[in-house]
Q: 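Handing you a structure now.
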Amino acid sequence: MFEHVKAFPGDPILSLNEDFHDDPRDNKVNLSIGIYFDAYGNLPVMAAVRDAEYALAGEIEPRPYLPMAGLPDYRDAVHQLVFGNACSAHTKQRIATLQTLGGSGALKVGADFLRRTLPDAQVWISDPSWENHRVVFERAGFIVNTYPYYDSATGGVRFAAMLDALRVISHRHIVLLHACCHNPTGVDLDRNQWREVISLIEKKELLPFVDMAYQGFGMDLEDDAFAVRELTARGISCLVANSFSKNFALYGERCGGLSVVCQSDEEATRVLGQLTGAVRSNYSNPPTYGAKVVHRVLCTPALQESWKSELASMCRRITVMRHAIYERLQGRIPDAILSRYIQQRGMFTYTGLSAEQVDRLRTEHGVYLVRSGRMCIAGLNEQNIHVVANAIASV
């Protein structure tokens, strides 16, 4: 039955993470996987999350199945965080939102929904993009293309080329956009560039699918959601996938959301029904615990303020590490490459290292990066940064 099945090559990032754990060296450094580690190299439990869990421990209840769309209070909390309290589309009930299995689950459910809704559409992702974007949409049955994005010569955005590519995409095709903290490059559009892109999307009648996995890690919660809120304010239909893995440090709980901005409340009701149909055919309904934790934090004023404050400090620590690696590499690598550490933002930076140099970092120094040269800045700390700087300088 299965003699024809080929070996799975593995996910390049998750496989690299497994290799890191098998590495016996004491001074190894993992800068490959997109996880925030604190100043001591530990995966944090945020104070607000801990307090919410303590409160929930005193409220142990039966655990029935959730509705296919998820916990209603959680979905309301997602609405407010992603779109803001003043969003008219929210008050007019034009947004269909459901709880998903992290941001990846939101992408998968959205892809399945769009494949049935717009069967002739193709998907366009940035060059480069997170590897799983292509996988999710191709496995849903879409043809996946790329539009220009990263400029390897300058470490910035090929903005004119990006606009030129969007101008020739057929109407009703799907354009995947990174709301903030672009993965893998760390290069984001500024507000004026976003406005140009959104105007072109509106003119060309394209369908934006916005992936917002890092809200709060770029500038702040409000600024990082600018593209989503600008699209919504202009009345443009769009999809938004959001995740609480990073900004709540709830990676294993798989908490996320998928929102579809519609043209009317009646349309949103029909869309939500079709989204729940996609959920039913994938995993039937989402889990309870993580959603209750997120809801408790976002809907308890004191816990929400604690969470926002700690998230802001996490964002600041990443910025501090960017400047720290920049200072330690000054005079040791070309300035054009060096500047990228402080020009880019979020958890990731495209270092400009070649695949061969990345291989040498791993084999000779125990420093793990993705072979594209992507570095997870959030894995740096005062204990390992000298190791990383010396290793980069040596290769």
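Just so you know, these numbers come straight off a predicted model, no measurement behind them.
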Q: Is the closest side-chain heavy-atom distance between Leu239 and Leu114 below 4.5 Å?
A: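 Result yes, sub-4.5 Å side-chain heavy-atom pair found.
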
Q: Please identify each residue that fulfils ring-ring contact (aromatic ring centres under 6.0 Å, His included) with His133, with sequence neighbours left out.
A: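 With neighbours one apart ignored, the set is Trp130, His178.
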
Q: Which pair of non-hydrogen atoms, one from Leu31 and one from Gly379, has the smallest distance, and what is that distance?
A: CD2-C, 3.5 Å

Q: How about Arg94 and Ser264: does a side-chain donor come under 3.5 Å of a side-chain acceptor?
A: no

Q: Looking at Ala179 and Val210, what are the two nearest heavy atoms and their distance?
A: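 Closest pair (atom of Ala179, atom of Val210, distance): CB-CG1, 3.6 Å.
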
Q: Tell me whether the count of non-hydrogen atoms from other residues, nucleotides or ligands lying under 6.0 Å of CZ in Arg332 goes above 12.
A: yes

Q: Taking Arg362 for the side chain and Gly366 for the main chain, is one N or O donor matched with an acceptor at less than 3.5 Å?
A: no

Q: Would you confirm whether Glu3, through its side chain, and Met1, through its main-chain N or O, come within 3.5 Å as a donor-acceptor pair?
A: yes

Q: Who are the ring-ring contact (aromatic ring centres under 6.0 Å, His included) partners of Tyr147, not counting sequence neighbours?
A: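 Testing Tyr147 for ring-ring contact (aromatic ring centres under 6.0 Å, His included), a comparison that skips the adjacent residues, returns none.
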
Q: Could you check whether any side-chain heavy atom of Val261 comes within less than 4.5 Å of a side-chain heavy atom of Leu231, counting everything from C-beta outward?
A: no

Q: Using a 4.5 Å cut-off on heavy atoms from C-beta on, say whether the side chain of Arg115 contacts that of Phe142.
A: yes

Q: Around Arg234, counting heavy atoms of other residues, nucleotides and ligands shown, do more than 12 lie under 6.0 Å from its CZ?
A: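 Yes.
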
Q: I need the Ser15 OG to Phe20 CZ distance, nearest 0.5 Å.
A: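 One gets 15.5 Å once the value is rounded to the nearest 0.5 Å.
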
Q: Under a 4.0 Å threshold between the charged nitrogen and the carboxylate oxygen, would Glu364 count as salt-bridged to Arg25?
A: no

Q: Just grab all the ring-ring contact (aromatic ring centres under 6.0 Å, His included) pairs involving residues 257-312, residues at least two apart or on different chains.
A: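 Sorted result for residues 257-312: Phe248-Trp307.
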
Q: Heavy-atom distance under 4.5 Å between the side chains of Asn381 and Tyr40, does that happen here?
A: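 Not in contact.
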
Q: Establish, yes or no, whether the cationic atom of Lys28 lies under 6.0 Å from the six-membered ring centre of Tyr368 and within 45° of the ring axis.
A: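 Negative - Lys28 is either too far from the ring of Tyr368 or too far off its axis.
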
Q: Just so I know, are the side chains of Leu98 and Thr100 near enough to count as touching, which here means a heavy-atom distance under 4.5 Å?
A: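 Side-chain contact under 4.5 Å: yes.
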
Q: Could you pull out all residues at least two apart from Lys108 that satisfy salt bridge (charged side-chain N to carboxylate O under 4.0 Å, His left out)?
A: Asp112

Q: Would you call Lys246 and Gln215 a side-chain contact if the rule is heavy atoms closer than 4.5 Å?
A: no

Q: Can you tell me if Asp26 has over 12 outside heavy atoms packed within less than 6.0 Å of its CG?
A: no

Q: With sequence neighbours excluded, tell me which residues meet salt bridge (charged side-chain N to carboxylate O under 4.0 Å, His left out) with Arg322.
A: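 Per chain and number, Arg322 pairs via salt bridge (charged side-chain N to carboxylate O under 4.0 Å, His left out) with no residue.
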
Q: Just wondering, are more than 12 heavy atoms of other shown residues or ligands nearer than 6.0 Å to CZ in Arg270?
A: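 Result for CZ/Arg270: enclosed.
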
Q: Is there a donor-acceptor pair closer than 3.5 Å between any side-chain N or O of Arg317 and the backbone N or O of Ala378?
A: yes

Q: Measure from the side-chain N and O atoms of Ser309 to the backbone N and O of Ser306, and report whether any donor-acceptor pair falls under 3.5 Å.
A: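 Checked: no pair found.
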
Q: Between Gln99 and Pro287 (side chain of the first, backbone of the second, donor and acceptor by atom type, cut-off under 3.5 Å), is there such a pair?
A: yes

Q: Charged N to carboxylate O under 4.0 angstrom, Lys92 versus Asp265?
A: no

Q: Yes or no on side-chain contact (heavy atoms from CB on, under 4.5 Å) for Arg316 and Thr319, after CA distance, side-chain angles and deciding distance?
A: CA-CA 5 Å; Arg316 286 193 298 270; Thr319 301; 5.5 Å; no

Q: Residues two or more places apart in sequence or in another chain: which of them pass salt bridge (charged side-chain N to carboxylate O under 4.0 Å, His left out) with Glu327?
A: none

Q: Tell me the closest heavy-atom pair linking Cys315 and Gly216, and the distance in Å.
A: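 Closest approach of Cys315 to Gly216, heavy atoms only: CB-O, 3.6 Å.
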
Q: Report, as yes or no, whether the 6.0 Å neighbourhood of atom CD1 on Ile143 holds more than 12 heavy atoms from other residues, nucleotides or ligands.
A: no

Q: Return yes if some donor-acceptor pair links the side-chain N/O of Asp220 with the main-chain N/O of Ala312 below 3.5 Å, else return no.
A: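 No; zero donor-acceptor contacts below 3.5 Å.
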
Q: If you take all heavy atoms of Phe209 and Ile174, which pair is closest and at what distance?
A: CB-CG2, 4.1 Å

Q: Please enumerate all residues that pass salt bridge (charged side-chain N to carboxylate O under 4.0 Å, His left out) together with Asp223, with sequence neighbours excluded.
A: Arg191, Arg345

Q: Can you tell me if Tyr149 uses its side chain to pair, donor with acceptor, with the backbone of Ser129 under 3.5 Å?
A: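 Side chain of Tyr149 to backbone of Ser129, a donor-acceptor pair under 3.5 Å: no, none is there.
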
Q: Determine, step by step, whether Glu59 and Lys292 satisfy the side-chain contact (heavy atoms from CB on, under 4.5 Å) criterion, reporting the C-alpha distance in whole Å, the side-chain angles of both residues, the deciding distance to 0.1 Å, and the verdict.
A: CA-CA 11 Å; Glu59 302 173 4; Lys292 283 193 171 184; over 6 Å; no

Q: Taking all atoms of both residues into account, what is the closest heavy-atom pair of Ala393 and Ile333, and its distance?
A: CA-CG2, 4.4 Å

Q: Counting heavy atoms not belonging to Arg50, are there more than 12 under 6.0 Å from its CZ?
A: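 More than 12 within 6.0 Å, yes.
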
Q: Does Glu356 pair with Arg360 as a salt bridge, N-O distance under 4.0 Å?
A: no

Q: In a table with atom names and distances, give each donor-acceptor pair under 3.5 Å that connects a side chain of residues 200-207 to protein atoms at least two apart or in another chain.
A:
residue	atom	partner	partner atom	Å
Lys204	NZ	Arg167	O	2.8
Lys204	NZ	Ile169	O	3.3

Q: Apply side-chain contact (heavy atoms from CB on, under 4.5 Å) to Met219 and Phe226, showing your working.
A: CA-CA 11 Å; Met219 187 66 69; Phe226 173 79; over 6 Å; no

Q: Side-chain contact, heavy-atom cut-off 4.5 Å: Pro184 with Val370?
A: no

Q: Considering all heavy atoms of both residues, which atom of Ala89 and which atom of Thr232 are nearest to each other, and what is their separation?
A: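 Minimum heavy-atom separation between Ala89 and Thr232: CB-CG2, 3.6 Å.
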
Q: Only one of Asn183, Thr351, Thr349 clears side chain to side chain donor-acceptor pair (under 3.5 Å) with Arg374; which?
A: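 It is Asn183, the one option of Asn183, Thr351, Thr349 that forms the side chain to side chain donor-acceptor pair (under 3.5 Å) with Arg374.
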
Q: Taking the side chain as every heavy atom from C-beta outward, state whether Ser245 and Ile35 have any pair of such atoms under 4.5 Å apart.
A: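 No, too far: nothing below the 4.5 Å cut-off.
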
Q: Let me check something: do Ile33 and Tyr251 share a hydrophobic cluster, defined by ILVMFWY side-chain heavy atoms less than 4.5 Å apart, either directly or through other members?
A: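 Same cluster.
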
Q: Using side-chain contact (heavy atoms from CB on, under 4.5 Å), reason through Leu311 and Met46 one step at a time and then give a plain yes or no.
A: CA-CA 8 Å; Leu311 178 59; Met46 300 179 76; 4.3 Å; yes

Q: Does anything in residues 61-104 pair up under ring-ring contact (aromatic ring centres under 6.0 Å, His included), and if so which pairs, sequence neighbours excluded?
A: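 As it turns out, the ring-ring contact (aromatic ring centres under 6.0 Å, His included) pairs with a partner in residues 61-104, which skip direct neighbours, are Tyr74-Phe244, His79-His90.
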
Q: Please list, chain by chain and in numerical order, all residues satisfying ring-ring contact (aromatic ring centres under 6.0 Å, His included) with Tyr150, sequence neighbours excluded.
A: Tyr350

Q: If you look only at pairs with a residue in residues 63-76, which of them pass as a salt bridge (charged side-chain N to carboxylate O under 4.0 Å, His left out), with sequence neighbours excluded?
A: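 Counting only pairs at least two positions apart or across chains, no salt bridge (charged side-chain N to carboxylate O under 4.0 Å, His left out) contact touches residues 63-76.
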
Q: Main chain of Pro44, side chain of Asn42: is a donor-acceptor contact present, judged purely on distance under 3.5 Å?
A: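 Checking the backbone N and O of Pro44 against the side chain of Asn42, no donor-acceptor pair under 3.5 Å is found.
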
Q: Do Ile385 and Val29 share a hydrophobic cluster, counting only Ile, Leu, Val, Met, Phe, Trp and Tyr and linking them when any side-chain heavy atoms are less than 4.5 Å apart?
A: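 Both belong to a single hydrophobic cluster.
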
Q: Among side-chain atoms of Thr185 and Gln344, is any donor-acceptor pair under 3.5 angstrom?
A: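 Note: Thr185 and Gln344 side chains miss the donor-acceptor criterion.
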
Q: For Tyr341, which residues count as a ring-ring contact (aromatic ring centres under 6.0 Å, His included) partner, sequence neighbours excluded?
A: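 Partners of Tyr341 under the ring-ring contact (aromatic ring centres under 6.0 Å, His included) test: none.
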
